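For reference, the structure is listed below as structure tokens.
Being a predicted model, the structure only gives us computed values, none of them experimental.
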Amino acid sequence: MTRFQREIYALVAAIPRGRLMSYGSVAEALGRGRAPRAVGSALSRLPEGHAIPWWRVISGSGRVSTPSIHHTAQVQRALLEDEAVRFDARGRIDWADYAWEPTPEEVAAAVARDPLGPEVGAP
């Protein structure tokens, strides 16, 4: 696992309940603004046994963008709705209501923690 992946997991673990970030805003907060796809890729490869709230990261357009295969999109939307996140008729959220924009200090504090611990995902 790369350092950037661990930073992604740490920042996503810090997103408060009922708040959301886009793949691009996670990348930007970590100083890698051109890497939103890497964020999505890392989240799709979370190791088993994790407690990272991956469902709190959606597309910049405000839509759930996980694949429909295995009903992941439906699961993600249900998890968000359980956190009182509401979608409009087009399946989008209003970023003004739900965006989490961490301060640089919040990002640094999040990245300093390792939400996976040394044993999860280790070979």
Side-chain heavy atoms of I15 within contact of V57, under 4.5 Å: yes

Axial cation check for F87 ring with R77, 6.0 Å and 45° limits: yes

Heavy-atom side-chain proximity of R56 to M21 below 4.5 angstrom: no

Whether W100 side chain and R17 backbone form a donor-acceptor pair below 3.5 Å: no

Student check: side-chain heavy atoms of W54 and S44 closer than 4.5 Å: no

Enclosure of R92 CZ (heavy-atom neighbours >12, cutoff 6.0 Å): yes

Straight-line distance of R113 CZ to L11 CG, nearest 0.5 Å: 9.5 Å

Smallest separation among heavy atoms of A10 and A110, with atom names: CB-O, 3.2 Å

Closest heavy-atom pair and its distance - P36, A27: N-CB, 3.8 Å

Short side-chain donor-acceptor distance under 3.5 Å, E83 and W55: yes

Interatomic distance, Q74 atom CD to L79 atom CG [nearest 0.5 angstrom]: 11.5 Å

Between CD1 on residue I8 and CD1 on residue I52, distance to nearest 0.5 Å: 11.0 Å

Flag side-chain contact, heavy atom, 4.5 Å: Y98 against L80: no

R90 backbone acceptor or donor facing R63 side chain under 3.5 Å: yes

Other residues, nucleotides, ligands: >12 heavy atoms within 6.0 Å of E106 CD: yes

Spacing of S65 atom OG and Q76 atom CD [to the nearest 0.5 Å]: 6.5 Å

Heavy-atom donor-acceptor pair, R19 side chain to A99 backbone, under 3.5 Å: yes

R32 charged N/C atom sitting above F4 aromatic ring, 6.0 Å / 45°: yes

Residues which pass side chain to side chain donor-acceptor pair (under 3.5 Å) with R45, listed by chain and number, not counting sequence neighbours: S41

Interatomic spacing from CG in D114 to OH in Y9 - rounded to 0.5 Å: 11.5 Å

Sequence-distant partners of R3, side chain to side chain donor-acceptor pair (under 3.5 Å), two or more places apart: E7

Point-to-point distance, once rounded to the nearest 0.5 Å, from CE of M1 to CZ of R6: 5.0 Å

